[in-house]
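Here the structure comes first, spelled out in structure tokens, and everything after it is commentary.
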Amino acid sequence: MILNRRNFLQVLGITGITLAVGKKSIAEPTDNTKIDFYGILIDSTRCVGCQSCEYACAEVNSLPEPTESINPDVIRKTNENRRTVVNAYNTSKGEYYVKTQCMHCNEAACASACLTQAMHKTTKGPVIWRSNKCMGCRYCMISCPFDIPKFEYHSANPKIQKCDMCFNSIEEGKLPACAEACPAEAIVFGTRRELIKEARKRIFENPDEYYDHIYGEHEAGGTGVLYLSPVPFNELGFNTTIQKSSYPELSKGFLYSVPTIFVLWPAILIGIKEATKNNHAKEEDND
Amino acid sequence: MLKKKTMINTDYVMPKDNYGKNIWKFLANEMKPKGKFLTPFNIISIPIMILGLVLIVIRFWKGIGSITNLTQEVPWGLWIGFDVVTGVAFAGGAYVITFIVYILNVKKYHSIVRVTVLNGFLAYVFYAGALLLDLGRPWNVVNPIIGNGFGTSSVLFLVAWHFLLYMFAQLIEFSPAVAEWLGAKRAHKILSGMTIAAVIFGITLSTLHQSGLGALYLMAKDKIHPLWYSEFIPILFFVSSIFAGLSLVILEGSISQKVFFTQISDKNHKSHSSIVVGLAKICGVTMFVYFFLQVIVIVHGQHWNLLNTPMGYWYLTEMFGFVLFPMLLFIYSYRRNSSLVAMIAAVIAMLGVIINRLNVTVIGYRWDAVTHYYPSWMEIVVTLAVIFTEIWIFRWVINRMPVLRESPSWAKNNK
Ligand code: SF4
Ligand code: SF4
């Protein structure tokens, strides 16, 4: 079959449509520095390890009540039944406690990985999960550098479980349940900008008490949850080798090349096809 | 579909003309089993397919965790790493062969286009279809298509769309064979006219989603062993899909030559060995490029110290035993004109691709985790059931439609 003008236009037409679909992928606003997200500051010098936040979290999210107490020999992880856990660590300055949950990344890997936008970075800051969109592919779990989204493997109607910063309460002007419950003021809710200012102030005023770093200010491109610690962060079980740029950045190069390939490839293929047409005739002669 | 029994050496004759009147009768007739039932393949595959079906029912009833060993740390196991990622690499033969035949106009390979496209199409339907088993909430699978969330920043979004579009492209490429089977002359003419557009579209899609399957893992930077993680995964996946697909074409062609012996014309029997050797040459060259890229990646990554660890030995085994060695075999088979050596090389190269994909997706994924993921026997049975069902359908189609056999004479003048 020879490629005539009409076919050629057909090919270009299809290319154009797909290109339009592909293009949207790069048109998304990603300049998150301008938006003032809400966040949470967790100060482990203040945390007393009472687990009040765990109980409050289980209650608002209708999850089973926590049963294990804190033990520095057992590091617990979040799972499909608990969105947050507090762990104890024996550090160079003695025993300290630290709470773990979703970091609410500025450029969330999970949200950029989600093919249905079920995982979604809201403009207010919390990263939320929406059951009516999610297809349960678990690509968010593959992508999250903090291993946060958890999946209900033993349910016929499984959900992804992860902290959503109590998004609904925030919408109503209330505090997240953990911040509300903490008796030691170790969990502070506010805008990310205020929280960074507050954290700097604490480090500046008590340089002996704090290790001079705010975890989450730059980690993974900046996160909504920020941490203060008395000791270097690796002593509290943090991943300190995590990259400073955002994780979605890693697949951007590939996604950017998609529209280009969609334009160039068909054109090149048609070119080659035209160039090798004689080839065809020649071989047929030999037949 | 499990009820359609077919046989291997069939004395079946293609109905020449069918003008719609008795089309339902014709179809009903075609659904019936043909020939001997108790072949060794059937005896092995039927129990596994039934068991697989039972397991799938349990999976939808009790959740994915009831039959798989997946964990919160390793959310993608055998079903994604092998069925989808590896299966699609092997389906790459279709875009490579259509490229050679329709774009480079090398007519020599024309006789294997249909069977390769059929194989590719079924591979996408079944192996990408296996994805549905792995989805926790499969009733939402249409969301990225209907726009209940266009996650356009997601590589998986791109891959999902491409799977769908590519299945259509392949269906169009294959549809003239269906039209010939049904004796639909007008449809045949229209569908044949769409082939070239479908081919160009299909090759473009394949380039992107073969590499896209690798790009899926780009964000899992801290989770994959550094010897298998690099920003070049997409390119490596693309290049290896070329020889993965062609190796399968070589293997499948050699098996079909024997199993479907009576369907293949004398002319095509004779050209078989020259086709195989020609494909072996292409495999050899692409494997050389692939090996070279792997060397660049390791030099670039500077992970020399990791080579002297157990994972490093495994890496070297993959590179030398399953890339360099089959590459040399391919070149040797081409030099000596030996289709037997080419077939051995194809088998080793395919093992190499399986090992490579599993290294990225399962073995090297969370290699440092305290509890390792191993697939459960039930995951393996379901995987085998999927493969066997695909082979059943493949055989059913080959025994009925002009895939290996020559087209009916009217179809040849119908272009
Ligand atoms: S920590 Fe993980 S789950 Fe939470 S926002 Fe970041 S990428 Fe998403
Ligand atoms: S599991 Fe759900 S939320 Fe996570 S990436 Fe898939 S569709 Fe999105």
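Just so you know, these numbers use all the heavy atoms, side chains as well, and skip hydrogens, waters and symmetry mates. All figures in this text were calculated on a predicted structure; none of them were measured in a lab. Lettering follows sequence order; numbering is per chain, from 1.
- Judged by distance alone, the side chain of B/Trp76 and the main-chain N or O of A/Cys137 form a donor-acceptor pair under 3.5 Å.
- Rounding to the nearest 0.5 Å places CG of B/Leu156 at 11.0 Å from OG of A/Ser112.
- Side-chain contact between B/Asp134 and A/Arg138 is present, with at least one heavy-atom pair separated by less than 4.5 Å.
- Side chains of A/Phe254 and B/Ser211 form a contact here, defined as non-hydrogen atoms less than 4.5 Å apart.
- Classified by interplanar angle (parallel below 30°, tilted 30° to 60°, perpendicular above 60°), the ring pair B/Phe201/A/Phe262 is tilted.
- Interface check for chain B: of the options A/Ala109, A/Pro145, A/Cys134, the most heavy-atom pairs under 4.5 Å are formed by A/Cys134.
- In this structure, the separation between CD1 on B/Ile103 and CG on A/Leu269 is 5.0 Å, given to the nearest 0.5 Å.
- Within the 4.5 angstrom heavy-atom criterion, atoms from both the backbone and the side chain of A/Glu80 approach chain B.
- When all heavy atoms are compared, the tightest approach of B/Asn140 to A/Ser131 is ND2-O, 3.3 Å.
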Could you walk me through whether A/Met141 and B/Glu73 satisfy the side chain to side chain contact (heavy atoms under 4.5 Å, CB included) test, starting with their C-alpha distance in whole Å, then the side-chain angles of each, then the deciding distance to 0.1 Å, before giving a yes or no? CA-CA 8 Å; A/Met141 299 170 72; B/Glu73 279 77 39; over 6 Å; no
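- Across A/Ala113 and B/Met219, no two heavy atoms sit closer than the pair CB-CE, 3.7 Å.
- Interface residue A/Ser251: backbone and side-chain heavy atoms are both found under 4.5 Å from chain B.
- Side-chain contact between B/Asp222 and A/Tyr247 is present, with at least one heavy-atom pair separated by less than 4.5 Å.
- In this structure, the side chain of B/Asn143 engages the main chain of A/Lys133 through a donor-acceptor pair within 3.5 Å.
- Ranked by heavy-atom pairs shorter than 4.5 Å toward chain A, the options B/Ala198, B/Gly147, B/Pro75 are led by B/Pro75.
- Contact annotation: the side chain of B/Arg366 approaches that of A/Asp147 to within less than 4.5 Å [non-hydrogen atoms, C-beta and beyond].
- Looking only at side-chain heavy atoms (C-beta outward), A/Ser143 and B/Tyr217 stay at 4.5 Å or farther from each other.
- The number of heavy atoms from other shown groups lying within 6.0 Å of CZ (B/Phe60) is above 12.
- B/Asn69 CG to A/Tyr153 OH: the interatomic distance, rounded to the nearest 0.5 Å, is 10.5 Å.
- The minimum heavy-atom distance between A/Tyr139 and B/Ala215, with the atom names listed, is OH-O, 4.2 Å.
- Residue contact with chain A, scored on non-hydrogen atoms closer than 4.5 Å, is absent for B/Ile80.
- Proximity to chain A is limited to the side chain of B/Ala160, based on heavy atoms less than 4.5 angstrom apart.
- The 12-atom threshold is exceeded at CH2 of B/Trp139, counting heavy atoms of other residues, nucleotides or ligands nearer than 6.0 Å.
- Residue B/Leu218 holds its CG atom at 13.0 Å from NZ of A/Lys252, rounded to the nearest 0.5 Å.
- For A/Thr241, no part lies near chain B; criterion is any non-hydrogen pair under 4.5 Å.
- Between A/Leu250 and B/Lys221 the shortest side-chain heavy-atom distance falls below 4.5 Å.
- Across A/Trp265 and B/Thr207, no two heavy atoms sit closer than the pair NE1-OG1, 2.7 Å.
- Atom NZ of A/Lys273 is separated from atom CD1 of B/Ile200 by 7.0 Å, given to the nearest 0.5 angstrom.
- Among the candidates B/Val141, B/Leu131, B/Val142, B/Thr68, the residue making the largest number of heavy-atom pairs closer than 4.5 Å to chain A is B/Val141.
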Would A/Phe151 and B/Ile64 count as a side chain to side chain contact (heavy atoms under 4.5 Å, CB included) here? Give the steps. CA-CA 10 Å; A/Phe151 183 75; B/Ile64 294 175; 4.1 Å; yes
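- In terms of heavy atoms, B/Ser153 sits closest to A/Ala111 at OG-O, 4.4 Å.
- B/Gln72 contributes no side-chain N or O that, together with a main-chain N or O of A/Asn79, makes up a donor-acceptor pair within less than 3.5 Å.
- At distances below 3.5 Å, not a single donor-acceptor pair connects side-chain atoms of B/Arg137 with backbone N or O atoms of A/Ala156.
- The structure places CD of A/Gln117 at 10.0 Å from OG of B/Ser154, a figure rounded to the nearest 0.5 Å.
- With a threshold of 4.5 angstrom between heavy atoms, B/Val199 does not approach chain A through any atom at all.
- Of the atoms belonging to B/Phe99, it is side-chain heavy atoms, and not backbone ones, that fall under 4.5 Å from chain A.
- Listed for the B/Lys223 side chain is a donor-acceptor partner under 3.5 Å among the backbone atoms of A/Ile142.
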